[in-house]
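Contents: one structure, followed by commentary.
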There are 2 protein chains.
Amino acid sequence: MDEVSTPLVPEATVARLPVYLRGLVDLASDGVETVSSEQLAAVAGVNAENVRKDLSILGSYGKRGVGYEVDFLIEQIKRVLGAGDPVSVVIVGAGNLGRALAYYGGFASGGFPIKGLVDSSPEIIGQEVAGITVEPFEELKDVVQKNSCTLGIIATPAAAAQSVADQLINAGIYSILNFAPGLVTVPESVTLRKVDLATELHILAFHEQQRERNE
Amino acid sequence: MDEVSTPLVPEATVARLPVYLRGLVDLASDGVETVSSEQLAAVAGVNAENVRKDLSILGSYGKRGVGYEVDFLIEQIKRVLGAGDPVSVVIVGAGNLGRALAYYGGFASGGFPIKGLVDSSPEIIGQEVAGITVEPFEELKDVVQKNSCTLGIIATPAAAAQSVADQLINAGIYSILNFAPGLVTVPESVTLRKVDLATELHILAFHEQQRERNE
DNA sequence: AGATGTTTGTGAACGTGAGAAGAAGGATCG
DNA sequence: CGATCCTTCTTCTCACGTTCACAAACATCT
Ligand SMILES: NC(=O)c1ccc[n+]([C@@H]2O[C@H](COP(=O)([O-])OP(=O)(O)OC[C@H]3O[C@@H](n4cnc5c(N)ncnc54)[C@H](O)[C@@H]3O)[C@@H](O)[C@H]2O)c1
Ligand SMILES: NC(=O)c1ccc[n+]([C@@H]2O[C@H](COP(=O)([O-])OP(=O)(O)OC[C@H]3O[C@@H](n4cnc5c(N)ncnc54)[C@H](O)[C@@H]3O)[C@@H](O)[C@H]2O)c1
């Protein structure tokens, strides 16, 4: 019995909404107040029909003959994505990648402040990284609760990834982004997404080969 | 008129082959010589029917009643993916992310050695990062040619991404991995893939919200 | 106020990929 | 040597997403 039920958003649409959001924020900072599906498609790198179909799923927020109101649309997309308020993030593993992520300012400004940083190495624990003190891995649950973290990032070696995921879930985190290669399994109630850079390079190498073959 | 034509590999299959490859390499290092689709599916995190369908596209390399020969399959997947020989990579932008990537040893051991590192900041040029000297951005073409780089990684701020992509293409690179947010357009002859971490977080936040709504 | 042009919203066709089921080939055991 | 079991390979069906086409709504110009 939800009141403002967002009917059912296809996964492909969910993946595009953040791209629209970024384009809209850019437009807004340029002082643009109204945007057509054609314009938004141009800045998002997709075609206009797709934009319209995606936006129509959120509701009929456009004015025919005019377009969409930028500020209003930003609010609606944020609402649907669950990014109305800042979402706090905890990073596990303060190595090369974990530090790079922590130092990156784009997450905080995009509504995803890094609030916790934990590691298992005694040499790293206690270090200050991007204004955050690295806490021991054992304190994960405490760190999560104190900072109300709802998203977790795994930036540890692959060998530790599964146990880190288990501990994140144990700490009350149900949304995980994993950078470690290899298989990590989680209960159905948990959303785990994987950023697999090695796979990305392989896919590029495949297309590179296809290109060379057609010459 | 290709001799050993690989008929036509669906994009979805191309994206899974690297995952199989990683699993197979792990199995091989454990001394496993033969693997069934069921076993491979388990380590890859997909279902067995999918594995069989993917592998059957490469050719009928399995023995019914037995399974697939691990070493042979590794070679075939590498061949199809174009990863038989090492593929050299150049990184543009030696900031937080560029350094983390350069220091990461998993790329080189996976067949993608980082061979070049360029930046535009005078303070960073000349620095040694992971055994590589950071060269000026203007020397990009030289760096690419001297090291026979075929893959390029963009790790610069978003504002510079488009011009970096243009210069990479100018230097003879047709396969690009972009970490910068925002739109980058390239000719059709170029393959550009994007790693969009902000989008990943947004997608996780969406599912997190869905979860909270059903409570 | 009417005509015209613009832009959204949606229904239908098309293509791709996933899953299920059955046929075929090979091994193993009696 | 024959029967049974196992696993690959292939075909079919269904769901999803994208693209195309068109109608409805709004603004603007005369
Ligand atoms: N650095 C990259 O550019 C890059 C690229 C692709 C993939 N990855 C993957 O990301 C992960 C991290 O890479 P990295 O380069 O930062 O590695 P790293 O070795 O620099 O850092 C890993 C950190 O995790 C910590 N750690 C180890 N086990 C832990 C545990 N059980 N709990 C908490 N912390 C633990 C270590 O102390 C270390 O500080 C790896 O799985 C790697 O394969 C990294
Ligand atoms: N660091 C992260 O974890 C992270 C996460 C998500 C996205 N990103 C994106 O990755 C990119 C890099 O992030 P970062 O944290 O490494 O930034 P950074 O500022 O630390 O590094 C950027 C580097 O690029 C160099 N540079 C700028 N313009 C250049 C040009 N025209 N040619 C060559 N080099 C140039 C700068 O000198 C700097 O060294 C950014 O677009 C960022 O949005 C980073």
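Convention: sequence-line order gives letters A, B, ...; per-chain numbering from 1.
- Distance, Asp54(A) CG to dT18(D) P: 7 Å, rounded to whole Å.
- Phosphate contact (OP1/OP2 of dT8(D), side-chain N/O of Ser37(B), threshold under 4.0 Å): present.
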### Query
Just by protein heavy atoms under 4.0 Å, how would nucleotides 11-17 of chain D read 5' to 3' in B, S and -?
BB----S

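- Residue Leu58(A) contributes atom CG, which lies 14 Å from atom C1' of dT8(C) at whole-angstrom precision.
- Side-chain rings of Tyr68(A) and Tyr61(A) stay apart, their centers remaining 6.0 Å or farther from each other.
- The two atoms that bring Gln162(A) and Leu183(A) nearest to each other are OE1-O, 4.1 Å, heavy atoms only.
- In this structure, CG of Asn50(B) is placed 12 Å from C1' of dA20(C), rounded to the nearest angstrom.
- Under 3.5 Å, the side chains of Thr13(A) and Asp54(A) contain a donor-acceptor pair of N or O atoms.
- Look at CD on Glu69(A): it is 13 Å from P on dA27(D), rounded to the nearest Å.
- For Tyr68(B), a side-chain nitrogen or oxygen approaches OP1 or OP2 of dC9(D) to under 4.0 Å.
- Side-chain contact between Leu192(B) and Thr185(B) is absent, with no heavy-atom pair separated by less than 4.5 Å.
- For the pair Ile153(B)/Ile176(B), no side-chain contact is recorded, criterion being any heavy-atom separation below 4.5 Å from C-beta on.
- No donor-acceptor contact under 3.5 angstrom links the side chains of Arg193(B) and Ser175(B), judged on distance only.
- Considering only side-chain atoms of Ser60(B), the nucleotide from dT8(D), dC9(D), dA21(D) that sits closest is dC9(D).
- If you take NZ of Lys63(A) and P of dT28(D), they are 12 Å apart, rounded to a whole angstrom.
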Using atom names, set out every protein N or O paired with an N or O of nucleotides 22-24 of chain C below 3.5 Å, distance rounded to 0.1 Å.
from	atom 1	to	atom 2	distance (Å)
dA24(C)	N3	Arg64(B)	NH1	2.8

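- Taking 4.5 Å as the limit, some side-chain heavy atom of Val92(A) sits within range of a side-chain heavy atom of Phe137(A).
- Taking atom CZ of residue Phe72(A) and atom P of nucleotide dT8(C), one finds them 15 Å apart after rounding to whole Å.
- Here His207(A) and Tyr174(B) keep their ring centres 6.0 angstrom or further from each other.
- The two residues Arg22(B) and Gly182(A) have their closest heavy-atom pair at NH1-N, 3.3 Å.
- Side-chain proximity of Asn47(A) to dG19(C), dT19(D), dG9(C): nearest is dT19(D).
- The CD1 atom of Ile57(A) sits 10 Å away from the P atom of dT10(C) (whole-angstrom rounding).
- Rounded to a whole Å, the CD atom of Glu49(A) is 14 Å from the C1' atom of dA13(C).
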